[in-house]
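Predicted model only: the values in this text are computed from it and were never measured. Throughout, a chain's letter reflects where its sequence line sits, starting with A, and its residues are numbered from 1.
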Amino acid sequence: MLDIKQIRDNPEAVRSRLELRGAGEGDGVPRILELDEIRRKGVAQVEALKSQRNKASKEIGALMGQKKFEEAEARKQETRELGDQIAALDKAVAAAELERDALLLGIPNLPHASVPEGGSAEDNKEIRTWGEKPAFTFEPQSHVDLCDRLQLVDFARAAKISGSGFLLYTGWGARLERALIQMLLDLHTGEHGYREVSPPLMVGSQCLEGVGQFPKFRDQYYGVAEGDDREKLGRLYLIPTAETPVANIHREEILPESQLPIRYCAYTPCFRGEAGAAGVGTRGMIRVHQFDKVELIKIVKPEHSYAELESMVTHAEKVLQLLGLHHRVVLLCTGDMGFASAKTYDIEVWAPGQGSYLEVSSCSNCEDYQARRMNLRFKAQDGQNRFPHILNGSGTALARLFVALIETHQQPDGSVKIPEALQGYLKSDRIPAA
RNA sequence: GGAGAGGUGGCAGAGUGGUCGAUUGCGGCGGUCUUGAAAACCGCUUCGGGUUCACGCCCGACGGGGGUUCGAAUCCCUCCCUCUCCGCCA
């Protein structure tokens, strides 16, 4: 969340940054300031009363000690009324604070100065491209046809088991998925300096709130229940990304400065309800309720975060380069960024069978926005507790990578050629034609 | 799921209604002594909030929330978590 002090000191600057993200999002600010004022006035009042009460209580204690019970009783009588006033004021302060914080949680991060202004994906800026669209001597097939023909994914039976939007990988398909996960983890831990972690796949709501997925986007995630206990429904949620558990690993901690930077890498499945999302119901693997992803998370000192963002993008790109996949890096405009992000690069891979680019990675610097929400700090040299910057990036999403890979490397004979970097993991240089 | 024990400062561990934000030990930091180090001795060692130009002053926090009381780490209620034993189980 944003720093209340920043909003207090410079509300107009905050509002104009928020406006760049899209209409109406700055609207909470006046009310927040109002509530903040009410809270601070109340706090000053109630604390003066508490100070009074504390003094009186000590005096009563002293009187009791001297066995002056009648005097003590008289003082108690006087002080009783103070207690009632305090209770009432405390309540009012808590209510103002609760409403203020609820509004604060609904405000997205401010875009970084280097982010281009714009309202939609149209205004995103292409930064660079790698490789070229492959030329085919035949009409390239879509991954859906390739998966059917090579029996890599059984769409129909997945739907029978779990409904639409789920995948049943089979044979070479299952093996390819596993090989990709292994290759990506080895790359990021071995070459890029990340520490591998394997987190819980169900998390409490405080983790979703910590990274900014709650409370605004409640409807997008799967809540689970234990047995038929409706009471317990929603105490845990299936993770929409490894970012949710991994970025929260150090929540509510004060890290020694020497521990930074922290770089984590995690493979997990990701679960998304995708209520109302465009493209739900699309045939194939592009948008599904469950997919695999290898995620990168960094917790760094504020002064290093933008350099760390650039290197993170190159780490994700390396995956595509090793697999020989044409891609481009796009800088998202103010209107297209995620809620918690200050600056985001997307990496889009070319999928010849689709005739379009697919987003396989999104690398974001959330600055201190998430650290504030999860109260994660580090102790700086000067003894001050400061909020670190938290970055997340896909390195990369697997289902779409799978799509781009088989569509790009499909051969005239119906087989799929496997890039050299992956051959050791798949233990084959091709997926044979059926 | 059943029975029991427990959650206090970086760690260990006291404290069961009145200057207890908390005895003590360890660790850590600074200092004295020393050529240097060790030992010994002395001091410091949590976090949030309000207010102030600042020094400072004040309020809150002993797993979370609520209650009793003039006053709660301490009493009551409730939730969460950890440990031990039993049951079930990949």
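- B/rG6 is paired with B/rC81 under the Watson-Crick or G-U wobble criterion, all donor-acceptor distances under 3.5 Å.
- Rounded to whole Å, atom C1' of B/rC58 lies 13 Å from atom CD1 of A/Ile86.
- Atom pair A/Gln259:CD and B/rG10:C1' shows a separation of 13 Å (rounding to whole Å applied).
- Using N1 to N3 plus N6-O4 or O6-N4 for Watson-Crick, or N1-O2 and O6-N3 for G-U wobble, each under 3.5 Å, B/rC88 pairs with nothing.
- Pair assignment for B/rU69: none, as no Watson-Crick or G-U wobble contacts are both less than 3.5 Å.
- The aromatic rings of A/Phe166 and A/His289 sit tilted, their planes meeting at an angle between 30° and 60°.
- Scanning all heavy atoms of the two residues, the minimum distance from A/Thr344 to A/Met337 falls at N-SD, 3.9 Å.
- In the interface, the side chain of A/Glu47 is not paired with the base of B/rG60 through any donor and acceptor atom under 3.5 Å apart.
- For A/Arg75, no side-chain nitrogen or oxygen approaches OP1 or OP2 of B/rG71 to under 4.0 Å.
- Note on A/Arg235: every side-chain N or O is 4.0 Å or more away from OP1 and OP2 of B/rC81.
- Comparing the same atom, C1', in B/rA73 and in B/rG64 gives a spacing of 15 Å after rounding to whole Å.
- The aromatic rings of A/His192 and A/His188 lie tilted to each other, with the angle between the two planes from 30° to 60°.
- With a cut-off of 3.5 Å on both pairing distances, B/rG21 has no Watson-Crick or G-U wobble partner at all.
- The side chain of A/Arg80 contributes no N or O atom lying less than 4.0 Å from OP1 or OP2 of B/rU69.
- At the phosphate of B/rC59, OP1 or OP2 sits under 4.0 Å from a side-chain N or O atom of A/Asn54.
- Checking B/rG48 for Watson-Crick or G-U wobble geometry (two distances, each under 3.5 Å) identifies B/rC59 as its partner.
- Among all heavy-atom pairs drawn from A/Pro245 and A/Thr241, the shortest one is CD-O, 3.4 Å.
- If you check B/rU35 for Watson-Crick or wobble pairing at under 3.5 angstrom, you find it has no partner at all.
- Between A/Phe214 and A/Tyr221, the two ring planes are tilted [angle within 30° to 60°].
- The partner of B/rG43 is B/rC29, by the rule that a Watson-Crick or G-U pair needs both atom distances under 3.5 Å.
- For the C1' atoms, the distance linking B/rA12 with B/rG28 amounts to 15 Å, nearest Å.
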